[in-house]
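Comments concern the structure below.
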Amino acid sequence: MKPVQVLNSEQLSITLTRLCHQLIERHGDFSQSAIIGLQPRGVFLAERIVEKLIELTGLPRLRYGNLDITFHRDDFRRKASPILPSTTDIDFQIEELDVILIDDVLYTGRSIRAGMDAMLAFGRPRRVELLVLIDRRFSRHLPVQADYIGRTVDSITSERVSVQWKSSDGQDQVILHPASPEQ
Amino acid sequence: MTGLSVNNLLGIKDLQVEDIQSIFETADNFKEVINRPIKKVPSLREITVANLFFENSTRTKLSFELAEKRLSADVINFASSSSSVSKGESLIDTVNNILAMKVDMVVMRHPKPGAPHFLAQHVEASIINAGDGTHEHPTQALLDAYSMRERVGDVQGKKVVIIGDILHSRVALSNIFCLQKLGAEVMVCGPATLIPKWIESLGVAVSTDLREALNWCDVANVLRIQLERQELPYFPSLREYTMQYGLSRALLEGLGKEIVIMHPGPINRGVEITSDLADSPHSIILEQVQNGVAVRMAVLYLLAGKIERNPA
């Protein structure tokens with residue numbers, strides 16, 4: 001089987017705009033809200049969402065940061081190679097804010113669990129929501145669900161979903177890679 | 001970037017340049033962690049670390065203990081002065097007794113050079129050398145180079161002079177290995193009696209003239225005179241040592257260039273360095289202490305990642 005394009009550049013742009021409108025509907029002027037992108041891949045989506053929100057709302061800036069979850073993951077010492085961290089840059093306290101966590105793909109839910117754990121080092125938020133571009137349905141290991149979903153995908157474990165961005169990969173698209181023959 | 005090439009941190013001599021880079025990059029992340037309101041992460045919650053100090057230490061012990069606690073490891077402490085060592089127990093027996101309590105990592109300071117290497121061959125635990133006699137003090141050298149990199153950028157090509165009691169200093173030897181691996185030029189400076197004869201074979205320059213050394217360098221790492229290790233008088237008096245090798249603000253201002261001053265502590269104010277210089281903007285002594293925790297967290301994290309799990 002060949003890789004399947006789940007979203008092309010145009011569809012992705014429409015989806016991003018829709019997600020932003022949903023966020024504006026719930027968060028209004030974002031005065032009590034903060035956006036946190038999860039490292040390493042969620043930050044690309046978060047950047048695009050923030051860019052689009054600023055364009056749509058005309059707000060000068062939003063509270064936005066990147067969060068690395070490496071030290072909170074539950075698979076430390078369970079992988080052949082060690083997990084190496086990315087940077088965290090959150091220059092605000094999330095105490096009493098409505099936090100929107102952003103990741104590209106929701107799969108087992110373990111990264112989000114680690115993300116929520118890591119986030120609590122920056123205060124106690126009033127409410128936490130989750131935004132993902134791709135929700136891989138029926139593959140959860142933990143009871144985690146997203147509040148805002150770009151596209152729901154039915155996939156089997158051996159398949160792989162890759163979200164690519166113009167800024168880092170040259171093109172905006174989402175690809176579903178089939179199981180490799182040796183698996 | 002991959003994991004470390006070693007399972008123990010016995011000395012800088014055994015490390016590859018890539019290991020040092022991995023430690024620095026990981027330490028950058030931990031430095032961010034320890035500046036958060038909640039300075040703790042759960043990575044090492046399955047790990048128990050024993051801090052075995054067979055020799056006195058204040059900052060290294062506190063720094064390791066804080067690093068371990070900020071990684072959520074369980075910590076037990078041991079000081080030889082209050083232990084069975086004084087009842088005649090051997091090193092392997094002492095350590096094996098501690099390991100029987102299911103300890104995964106050992107941080108050890110010992111007065112005998114090579115003690116951690118010996119231990120690494122005989123016990124099943126990851127060993128971190130926190131100073132072995134006059135041999136090595138790898139985490140100090142790592143935090144020194146890390147602090148240097150933070151202040152002056154890439155260490156590659158920088159000129160670093162290590163001043164003082166080179167003969168009795170494990171910090172000097174580890175620093176020489178570490179700085180050379182990172183591509184710095186190293187000079188040692190001090191009274192001829194306190195510079196080992198073989199030191200030039202390591203590829204370092206030697207000077208007994210402080211002014212000449214300071215004119216040459218970008219960074220000066222000032223060491224303490226280790227009177228407790230000196231069985232013989234190596235110089236006529238402390239006062240004479242201070243006259244010839246003590247750093248002062250006036251001396252630095254006379255150089256016509258900026259240099260960075262480092263000191264691994266404890267400082268003997270008024271002996272190897274004057275108080276005003278130690279507290280001046282030239283000095284990064286307190287940055288070194290802060291970075292020590294982040295660097296030790298990185299070492300613990302990367303070594304713990306290599307410990308096999310026993311899913312019992």
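Below, chains carry the letters A, B, ... as their sequence lines are ordered, and counting in each starts from 1.
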Which atoms of A:Asp117 are under 4.5 Å from chain B, going by heavy atoms: the side chain, the backbone, both sets, or neither?
side chain

When rounded to the nearest 0.5 angstrom, what is the spacing between CG in B:Asn51 and CE in B:Met105?
10.5 Å

Measure the acute angle between the ring planes of B:Tyr301 and B:Phe30, then classify it against the limits of 30° and 60° as parallel, tilted or perpendicular.
perpendicular

Just checking heavy atoms, which of residues 41-63 of chain A are less than 4.5 Å from chain B?
none

Can you confirm whether the side chains of B:Glu150 and B:Asn291 place a donor and an acceptor under 3.5 Å from each other?
yes

Can you tell which part of A:Leu120 gets under 4.5 Å to a heavy atom of chain B, answering side chain, backbone, both or neither?
backbone

Can A:Gln164 and A:Gln173 be counted as having a side-chain donor-acceptor contact under 3.5 angstrom?
yes

Atom CD of residue position A:Gln5 - does it have more than 12 heavy atoms of other residues, nucleotides or ligands inside 6.0 Å?
yes

Judged by modelled atom types alone, do B:Asn77 and B:Glu65 share a side-chain donor-acceptor pair under 3.5 Å?
yes

Whatever's closer than 4.5 Å to a heavy atom in chain A on B:Ile307 counts as both

What ring pair (Phe, Tyr, Trp, His ring centres under 6.0 Å) pairs are there with at least one residue in residues 102-128 of chain A, not counting sequence neighbours?
none

